[in-house]
Every structure is written in structure tokens, then in C-alpha cells.
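These notes concern the structure reproduced below.
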Amino acid sequence: MLMRAPARRASRTGARPSGWLLAPALVFFGLFSLGPLLGVFVLSFMQWDGLGTPAWTGLDNWAAVFDDPVSRDAMWLTLKMTLLSYAVQFPLSLLLGVFMAGRQRYREFLSVLYFLPMLFSAAAIGIAFKALLDPNFGLSKAFDAAFLRQDWLGSPDLAFYVAVFVISWSFIPFHSLLYQAGVRQIPQTMYEAATLDGAGTVRQFFSITLPQLKYTVVTSSTLMLVGSLTYFDLVFSLTGGGPGTATRILPLDMYLTGFRSNQMGEASALAVILVVVGLALSLGLQKLSGADRMESQAEGA
């Protein structure tokens, strides 16, 4: 009885401050996240040009968004860019991350080169590639090659795929870093045992490395898919949504609708769509993968 009383008092006193420590974070989250989100949701049912008094219009903004062929095309382009960029980023990030987790000395030098895109902002990357791909004074002038003389950003057939390439080039280093950290957490004893059993490098990758990176793959995939809904700055600085509407993805369509056409209500409806799709993707990946159960990643260790 004498030993239990101090422990009971410690648990009671220790439980109270933890709730108060969360209060400031919850207040800031409510003011700067939930509050603006609620305001955008309400504004999606109003007509407002950004200057006058908002007027209630009900579902007119939502109907206009889904009836507008430009917005529908933007939704399709966003889905297409999400799938293509993920198809490029996921395998390359995984392979580079596993490669950089090795112990050879030359890999440290290569890792520095791979991480260089992380040092630049999205706007700077967009402006740099826009200059490099310019047919008048870009790479086509530096290297006399017919392949480089194409109008990469002026052709509707090429601009979209160039944007996917630049996006992948920008974000692969970050995801490679996640996989590198995940691989280095795998116990080396598992690889040693597999080597004694006669398993080669490829077999070890599919039997040990990939299963142990399950939750890293979930985290990286969530960031890739949800992050594809926020490619506004890079695409805007690279192509501006052109030529025509070839690269006018949904985040860019939201900006142009709100700040160029002064239709804040329709732009708010597009913003709500982006939030709902992002939440659905994130929660869906968590449920399908079972990552929400917080199981140990070191299975079999």
C-alpha cells in the first residue's frame, strides 16, 4: 500500500498538464486551418468578385464548376498528372533510396548530386527549366542537336509531359531520402541470414527490403498523391497553364478562376474539391495499407 500511493499521485498529476499542452496547438490549428477551411466552404455557396458584398447563390457555383468544360478538363489533367508523376516518382525514388543506403564511399558523392533539387524552390525550378527549354536560347543553342530544337513548352502535346518530368525531377530526391532512412533501419542480420541461405541481391530486395519498407511506401505514396494536388507554383512558373489549357491543372484553374476571372465563389468550390479529394486519398491509403494499426515495421527481426 505504501508503494502504490506515490505512483497513483504521479499518474494523476502527470495526466493533467498533457491536455493543457495540447491546447495552444489546437487553438492555432482551429484558427489558421479549420477556420479558413470553413470560410472557403461557405464562400463556395456565394457569388463574390473579391471586392463587393458576397451574395448567397446556393448550388449555382457548384453547378457552374461541373458544367464548365475548362474545369472538367482541369480535373482530368490533375488525375492524369497524379498517376503519371506517381508512376515515375515511386520506382525511381525507391531504387535511388535503396542505392544511397549502401556503405560505399562513392555513394555519398552521388547522394549529394541527387539531393541538389531539394535546395531550390519550385518557382526557381520552373523558371530555370523554362529558360533551358526555350527553343531560341536554351539547350538547343548550347548543344547543336535536332532533338533539343523542339518547342517543348509551346506544343500542347509535349508541354504536359515536360511538366510531369520537371515535377518528378523536383520531388524524387525528397522521397529517396525517406526510403534511404527506411532501408538503414532494417536490421543487417536479416540480410546476413538471407545471404547464408543463398539469396541474391534481387531476391533480398523483394523478400526483405520491400516488405520492411511497407509503411515508408505508404507515407511516401500519400505525400506523392496528395502533393500532386498542390503543384500550382511549379506549373504556374513553368507553363502558366498553357499552351491553351494543356497544363491547366485543378490548383491552377482555381487560381485563375478566382484571381483572374474574379469568381471567388467558383474558385472556393474548386478548393473544396481539392481538399475532399486529398482527404479521401490520404484516408483511403491509410485504411487499405493498414498503416493506421501502427504495427511494427521490423517484422521477423
- Item | Listed partners of Thr82 passing side-chain hydrogen bond (donor to acceptor under 3.5 Å, both in side chains), at least two apart | Ser228
- Task: Could you tell me whether a side-chain N or O of Asp68 sits under 3.5 Å from a main-chain N or O of Val70, the two making a donor and an acceptor?
- Result: yes
- Message: For a side-chain hydrogen bond (donor to acceptor under 3.5 Å, both in side chains) check, start with the C-alpha distance between Thr216 and Tyr179, then their side-chain angles and the critical distance, and finish with the verdict.
- Response: CA-CA 7 Å; Thr216 305; Tyr179 288 117; over 6 Å; no
- Item | Ser261 vs Glu266 side-chain heavy atoms within contact, under 4.5 Å | no
- Message: Could you check whether any side-chain heavy atom of Leu229 comes within less than 4.5 Å of a side-chain heavy atom of Leu250, counting everything from C-beta outward?
- Response: no
- Query: Roughly how far apart are Ile249 CD1 and Asp73 CG, rounded to 0.5 Å?
  - Reply: 12.0 Å
- Query: Minimum heavy-atom separation for Ala194 to Gln204, with atom names?
  - Reply: CB-CG, 3.9 Å
Identify every side-chain donor-acceptor pair in residues 163-175 under 3.5 Å, counting partners at least two apart or on other chains, and give the distances.
| from | atom 1 | to | atom 2 | distance (Å) |
| --- | --- | --- | --- | --- |
| Ser168 | OG | Val164 | O | 2.9 |
| Ser170 | OG | Val166 | O | 2.8 |
| His175 | ND1 | Ser220 | OG | 2.9 |

- Item | Point-to-point distance, once rounded to the nearest 0.5 Å, from CG of Asn136 to CG of Asp151 | 8.5 Å
- Does Val162 share a hydrophobic cluster with Phe120, counting links as ILVMFWY side-chain heavy atoms below 4.5 Å and allowing steps through other members? yes
- Item | Heavy-atom donor-acceptor pair, Ser221 side chain to Val218 backbone, under 3.5 Å | no
- Item | Contacts of type side-chain hydrogen bond (donor to acceptor under 3.5 Å, both in side chains), residue Thr239, not counting sequence neighbours | Thr247
- Look at atom OH of Tyr161 and say whether more than 12 heavy atoms of other residues, nucleotides or ligands are closer to it than 6.0 Å. no
- Note on the structure: Residues Ala101 and Val183: closest non-hydrogen pair is CB-CG1, 3.5 Å
- Query: Going by the angle between their ring planes, with limits at 30° and 60°, are Phe45 and Phe41 parallel, tilted or perpendicular?
  - Reply: perpendicular
- Other than Leu34, which residues form its hydrophobic cluster under the rule that side-chain heavy atoms must be closer than 4.5 Å? Phe29
- Message: Are the side chains of Val202 and Phe205 in contact, using a 4.5 Å heavy-atom criterion?
- Response: no
- Any chain of hydrophobic side-chain contacts (each under 4.5 Å) joining Val42 to Met254? yes
- Heavy-atom nearest pair, Ser237 first then Gly126, reads OG-CA, 3.4 Å
- Message: Show the nearest heavy-atom pair for residues Gly242 and Ala159, with the distance to one decimal.
- Response: O-CB, 4.1 Å
- Message: A side-chain contact here means heavy atoms from C-beta on lying under 4.5 Å apart; do Ser44 and Asn61 qualify?
- Response: no
- Query: Could you state the interatomic distance from OG1 (Thr78) to CG (Leu83), rounded to the nearest 0.5 Å?
  - Reply: 11.0 Å
- Query: With a 4.5 Å limit on heavy-atom distance, are the side chains of Ile273 and Val65 in contact?
  - Reply: yes
- Item | Interatomic spacing from CZ in Arg203 to OG in Ser207 - rounded to 0.5 Å | 4.0 Å
- Message: Hydrophobic clusters here meaning ILVMFWY residues chained together by side-chain heavy-atom distances under 4.5 Å, can you tell me if Leu132 and Leu153 are in one?
- Response: yes
- Under 3.5 Å, is there a donor-acceptor pair between the Thr209 and Tyr191 side chains? yes
- Note on the structure: Shortest non-hydrogen pair, Pro243 vs Gly154, comes out as CG-O, 3.5 Å
- Message: How long is the straight-line distance from CG of Leu213 back to OG1 of Thr219, given to the nearest 0.5 Å?
- Response: 10.5 Å
- What is the minimum heavy-atom distance between Asp233 and Ala122, and which atoms define it? OD2-CB, 3.4 Å
- Message: I'd like to check Thr222 versus Gln286 (side-chain heavy atoms, cut-off strictly below 4.5 Å). Are they in contact?
- Response: yes
- Who else is in Leu279's hydrophobic cluster (ILVMFWY, side-chain heavy atoms under 4.5 Å, direct or via others)? Leu37, Val275
- Can Met264 be reached from Trp56 by stepping across I, L, V, M, F, W or Y side chains whose heavy atoms are under 4.5 Å apart? yes
- Query: In terms of ring plane angle, is the pair Phe232 and Tyr255 parallel, tilted or perpendicular, where the classes change at 30° and 60°?
  - Reply: tilted
- Examine distances only and state if a side-chain atom of Trp48 and a backbone atom of Gly52 form a donor-acceptor pair shorter than 3.5 Å. yes
- Query: Is the backbone of Gly265 close enough, under 3.5 Å, to the side chain of Gln47 for a donor and an acceptor to pair up by distance?
  - Reply: no
- Under 4.5 Å between side-chain heavy atoms, hopping through other hydrophobics if needed: is there a path connecting Leu51 to Leu43? no
- Task: For Arg149, enumerate each residue passing the salt bridge (charged side-chain N to carboxylate O under 4.0 Å, His left out) test, keeping only those at least two apart in sequence or located in another chain.
- Result: Asp144
- Donor-acceptor pair, Gln180 side chain versus Met100 backbone, under 3.5 Å? yes
- d(Leu270 CG, Trp62 CH2) to nearest 0.5 Å is 8.5 Å
